[in-house]
Amino acid sequence: MNYIILDLEATCWKDRDINKQNEIIEIGALKINNESNVESEFSEFIKPKLNPELSDFCKELTTIEQSDIDSAETYDIVISKFKEWIDLNQEFVLCSWGFYDKKQFAKDCDLHRLDKSWLTNHISLKHQYADIKSISKPLGMGGALKKEGLKLDGTHHRGIDDARNIAKIFKANFYDWKIKNKV
Ligand code: AMP
Ligand code: MG
């Protein structure tokens, strides 16, 4: 079983402008094996289709620059690289901090008319973490790192750094996650 610990960044606007559709601009992910070792990392920017110009708010939040996006490939291309990197022929489960990332993947797959079946095997570490620790309200990633006595490394709201930090929480509780069809 491979555990794909992932975090997405997406186009965004101040006050979460509901008239605009968010699109993924970064995928950060780590592949962790049955021995809880990191096998490899995936880190790619994506050029959005609907709003290729990043808002000042988004650039500030994520520290992603317009030039990162301008030189990036489109979602269809990056997602096919990502699926290849995951290796859909091996057993895998997608793990993210909450359900946001899975929903955002589904939205972008719809926008580009791409297959969504690979998203089925997914767990929210955020909700499972609350269960494991018997906390009534799920913690943000920062709160969970603090609870674990772990440092927030890198830049918060950068997909690859968020994924690395989530992976530390994942490894610290490796035997507690509930995975369907675990082999
Ligand atoms: P995160 O994984 O917490 O860095 O957030 C993922 C994405 O959610 C960001 O790239 C933004 O698109 C969106 N987001 C996060 N926080 C905010 C916020 N305070 N206001 C608007 N959008 C946000
Ligand atoms: Mg993030």
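Both ligands and their constituent atoms are indexed starting at 1 by order of listing. From a predicted model like this one, the values you see are computed outputs, not experimental measurements. For the numbers below, each heavy atom of this structure counts, side chains included, while hydrogens, waters and symmetry mates do not.
Below 3.5 Å of separation, one finds an N or O of D7 facing an N or O of ligand 1. Considering backbone and side-chain atoms together, D162 places an N or O closer than 3.5 Å to an N or O of ligand 1. Checked by distance only, ligand 1 and H157 come closer than 3.5 Å through their nitrogen or oxygen atoms. Distances between N or O atoms of F57 and those of ligand 1 include no value under 3.5 Å. Annotation: E9 places an N or O atom under 3.5 Å from an N or O atom of ligand 1; distance criterion only.
The number of heavy atoms from other shown groups lying within 6.0 Å of NZ (K83) is above 12. At most 12 non-hydrogen atoms from other residues, nucleotides or ligands lie less than 6.0 angstrom from NZ of K146.
Between F170 and Y3, the ring center distance clears the sub-6.0 Å criterion.
Here the N, O or S atom of D7 that is nearest to the Mg ion (ligand 2) is OD2. For D162, the N, O or S atom with the smallest separation from the Mg ion (ligand 2) is OD2. Nearest to the Mg ion (ligand 2), among the N, O or S atoms that E9 has, is OE2.
The protein heavy-atom contact nearest to atom 17 (C) of ligand 1 is R16 NH2, 3.4 Å. Taking atom 7 (C) of ligand 1 as the reference point, the nearest protein heavy-atom neighbour is Y100 OH, 3.6 Å.
Between the side chains of H156 and D162, a donor-acceptor pair is found at a separation under 3.5 Å.
When each of I64, T63, I69, I25 is checked for a side-chain contact (heavy atoms from CB on, under 4.5 Å) with C58, only I25 meets the rule. When each of E65, E9, E26 is tested with R158 by the rule salt bridge (Lys or Arg N to Asp or Glu O under 4.0 Å), just one qualifies, namely E26. Partner E148 forms a salt bridge (Lys or Arg N to Asp or Glu O under 4.0 Å) with one of K133, K171, K168 and no other, that one being K133.
Here is the list of ligand 1 atoms found below 4.0 Å of a heavy atom in C12: 11 (C), 12 (O), 22 (N). The contact set between ligand 1 and L61, taken as ligand atoms under 4.0 Å from a residue heavy atom, comprises 9 (C), 11 (C), 14 (N), 15 (C), 16 (N), 17 (C), 23 (C). Taking every non-hydrogen atom of L8 and a distance limit under 4.0 Å, the qualifying atoms of ligand 1 come out as 2 (O), 6 (C). Remark: ligand 1 atoms within the under-4.0 Å shell around heavy atoms of T11 are 12 (O).
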- Query: Going through the checks in order, is the ring pair (Phe, Tyr, Trp, His ring centres under 6.0 Å) test met by H127 and F99?
  - Reply: CA-CA 9 Å; H127 294 85; F99 292 102; 5.0 Å; yes
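Remark: side-chain polar atoms of K31 are paired, donor with acceptor, to backbone N or O of W85 under 3.5 angstrom.
Proximity of N22 to ligand 1 is not established, as no heavy-atom distance is less than 4.0 Å.
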